[in-house]
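Residue numbers start at 1 and run along the sequence shown. Every number for a ligand or one of its atoms is a count from 1 in the order of the listing.
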Amino acid sequence: MNTKTDFLIIGGGISGLSLAKKLANLSPDDKILLITKENLEEGSSFYAQGGIACVWNHSDSFEKHIQDTINAGDGLCNEKVVRKILIQAPERIKELIEIGVQFTRNDAGNYDLGKEGGHSERRILHVNDQTGENIENHLIDLVKKIKNIEIKEHWCAINLFANNYKCYGAYVLDQENDIIHNIAAKATILATGGAGKIYLYTTNPDIASGDGIAMAYRAGATISNMEFYQFHPTCLYHPYAKSFLITEAMRGEGAILKDVRGKEFMQNYHPSKELAPRDIVSRAIDVELKKTGDDHVILDIASYKSPSFIKSHFPGVYETCLKFNIDITKDPIPVVPAAHYCCGGVMTEINGATEVKNLYVIGESACTGLHGANRLASNSLLEGVVCAHECAETLASLSSDLKIKEFKQWEPGHAVPSTEAVIISQNWDEIRRFMWNYVGIVRTNKRLQRAKKRINMLQDEIDQYYWDFKIEKNLVELRNLATVAKIIIVSAISRKESRGIHYNLDHPDKSEMSRATTIKRPW
Ligand code: FAD
Ligand code: SIN
């Protein structure tokens, strides 16, 4: 089915929604179509807990925030980009406040600024521990009221239509009506989030299958720094808890990591202990677990803060843990590290521009140079709103020169309804398990080579299945997951050093020649 729009935004997280809101205002005569493959709420943005980093107090300064970001990024941040994004933070955050986001205040009526790993100052604005949900709800309410924005939920982008480094739109599966639309647009913007579902354990929701990164790769864009997949140190460890994060802000308020016998260990790894950058804390937990043979460590806030403090500062974590019979005002919280954030992505300018004409990528799917080899906590929501702003200004200024060009219908070929759906779940499980074991927190050359062999084999099988059977969301995701897993493995093999999140026992030192990894599809 042929559909036309001026701008096609794929993704309804903080970056997609912020872009839609701003672009609709700057370009009121243009039509914007925003699609999401699940409900609008379902994305990492909604689950963000800790908050959004911004220099807000006089005791803080942009220079300090810039330096903290560069230190966490371990030599691979692009300083120009870091400056441009962080200096815009107050302006963008004021816009969130204008649409109704009420960041938590302290008893004196000032914003209650949180602290997280790697930050030298308190600078995290938050809405208790439910910052993402609050921001998303306000953005959704607003965007739904804007006339030139149309929203389609449960529409899953399958692939871009791109030719000769130019993008014309995307093929999209309307899951409820089982129709494939070819949506032609002046510009297509991927705001599809991360790829945590590549790993067995992740804090990410199910939508995070790396679709945007895989689609942009197939369209000819360069993918950068994918070996830097960030592991969050504290994901709830419980057989029935799926992907639940225990916010780093809890360590910022004094919670201590201990082994299951109650022994503290972070003093052996970094002078900042619990508030060391994330890569260091996750690796420390990994070492402790391997040393002791335990399957988790514990995070203890109950011994250091009163029940009323805990309940008022962390109501979301308190309520969720209680569902699993863990009363965090009394009990230690069982935690393990889990895949959390994709520091790499599609190589872009701050405004989302890629090497493929009329294709833009913003948010977690993009690699702007802000995060380098390791993201500083709470810099991601910020990157989402800043890049959406820059992207909206660029698209609005180009709009009158851009044309919509229709392209050919999706060809189902001889595809028939699937008779062997088990292949999807089997391959998905296999990828997630070997990525966790071989391409996880600690890597070796041998483990990476094993992973490469397996992904090559699975990719052949998945490709064949993809063309033989009728398209469905799971299959689209599996194919993308395999593509992104392969890119991570190849990037990790090519990095002959340990830096930031990438830690390889066979190359434990840093190389002086280090630079960003880039991967491009061979044509
Ligand atoms: P997302 O919010 O993930 O949205 C992606 C959107 O793309 C979804 O709407 C999805 O449906 C859509 N989509 C994906 N593929 C397709 C497709 N094929 N077709 C159609 N639609 C598609 N960062 C911080 O800065 N501070 C925090 O406190 C913080 N806490 C976090 C807590 C958790 C539990 C997690 C998982 C992450 C956290 N992060 C935090 C990271 C941050 O939330 C994310 O990086 C950020 O929200 C990503 O926003 P996004 O708009 O790029 O993508
Ligand atoms: C957290 O609340 O610990 C997550 C913060 C982030 O990922 O930036």
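Distances from atom 3 (O) of ligand 2 to the heavy atoms of Gln230, Glu248, His126, Gln49 put Glu248 nearest. Among His154, Glu477, His340, the residue whose heavy atom sits closest to atom 35 (C) of ligand 1 is His340.
Below 30°, between 30° and 60°, or above 60°: for Phe161 and Phe407 the angle between ring planes is below 30°, a parallel geometry. Between Phe469 and Tyr465, the ring-plane angle classifies as tilted under the 30° and 60° cut-offs. Note on ring orientation: taking the six-membered ring where Trp is involved, the planes of His232 and His340 are perpendicular (angle over 60°, cut-offs 30° and 60°).
No heavy atom of Thr131 sits closer than 4.0 Å to any atom of ligand 1. Judged by the shortest distance from any of its heavy atoms, Phe244 lies outside the 4.0 Å radius around the atoms of ligand 1. Ligand 1 lies out of reach of Gly384, whose nearest heavy atom is not under 4.0 Å from it. The closest approach between any non-hydrogen atom of Asn204 and ligand 1 is below 4.0 Å. Within the structure, ligand 1 has Gly51 among the residues with a heavy atom less than 4.0 angstrom away.
Of the N and O atoms on the side chains of Glu41 and Tyr47, not one donor lies less than 3.5 Å from an acceptor on the other residue. Side chains of His154 and Asn39: a donor on one and an acceptor on the other come within 3.5 Å.
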Q) Please walk me through it: do Trp410 and His181 pass ring pair (Phe, Tyr, Trp, His ring centres under 6.0 Å)? A) CA-CA 8 Å; Trp410 178 261; His181 297 262; over 10 Å; no

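The distance from ligand 2 to the heavy atoms of Ala377 drops below 4.0 Å at these ligand atoms: 8 (O). For ligand 2 and Ser378, the ligand atoms under 4.0 Å from any heavy atom of the residue are 6 (C), 8 (O). Residue Gly363 approaches ligand 1 through these ligand atoms, each under 4.0 Å from one of its heavy atoms: 52 (O). Interface atoms of ligand 1 facing Cys156, defined by a heavy-atom separation under 4.0 Å, are 18 (N), 19 (N). Close approach to Ile207 involves these atoms of ligand 1, each under 4.0 Å from a residue heavy atom: 3 (O), 5 (C), 10 (C), 11 (O). Every atom of ligand 1 with a heavy atom of Ser15 under 4.0 Å away is listed here by number and element: 50 (P), 51 (O), 52 (O). Using a 4.0 Å cut-off to heavy atoms of Leu245, the atoms of ligand 2 that qualify are 1 (C), 2 (O), 3 (O), 4 (C).
Distance from atom 34 (C) of ligand 1 to its nearest protein heavy atom, with residue and atom name: Tyr47 O, 3.6 Å. In terms of protein heavy-atom proximity, atom 44 (C) of ligand 1 is nearest to Glu364 OE1, 3.3 Å. Protein heavy atom nearest atom 14 (C) of ligand 1, with residue, atom name and distance: Thr192 O, 3.4 Å.
The cationic atom of Arg83 (NZ for Lys, CZ for Arg) does not lie both less than 6.0 Å from the six-membered ring centre of Phe62 and within 45° of the ring axis.
Under 4.0 angstrom from ligand 1, the non-hydrogen atoms of Gln49 all belong to its backbone. Contacts of Ser45 with ligand 1, taken as heavy-atom pairs under 4.0 Å, involve both backbone and side chain. At a heavy-atom distance under 4.0 Å, no atom of Val172 approaches ligand 1. With a heavy-atom cut-off of 4.0 Å, Tyr341 touches ligand 1 through its side chain alone. Neither the backbone nor the side chain of Asp129 comes within 4.0 Å of ligand 2, counting heavy atoms alone. At a heavy-atom distance under 4.0 Å, only side-chain atoms of Arg278, from C-beta outward, approach ligand 2. The residue Gln130 has no part lying near ligand 1, judged by heavy-atom distances below 4.0 Å. Here Leu245 has side-chain heavy atoms under 4.0 Å from ligand 1, and that is the only part of it that gets that close. The proximity of Asp211 to ligand 1, defined as any non-hydrogen pair under 4.0 Å, is limited to the side chain.
At least one N or O atom of His232, backbone or side chain, sits closer than 3.5 Å to an N or O atom of ligand 2. By the 3.5 Å distance cut-off applied to N or O atoms, His340 is counted among the residues near ligand 2. For ligand 2, one of its N or O atoms has an N or O atom of Gly50 under 3.5 Å away. Looking at ligand 1, you'll find an N or O of Gly50 within less than 3.5 Å of one of its N or O atoms.
The six-membered or imidazole ring of Trp436 lies near that of Phe231, with a centre-to-centre distance under 6.0 Å.
Checked options Lys473, Arg432, Lys37, Lys197; the residue passing with Asp206 is Lys197 (criterion: salt bridge (charged side-chain N to carboxylate O under 4.0 Å, His left out)).
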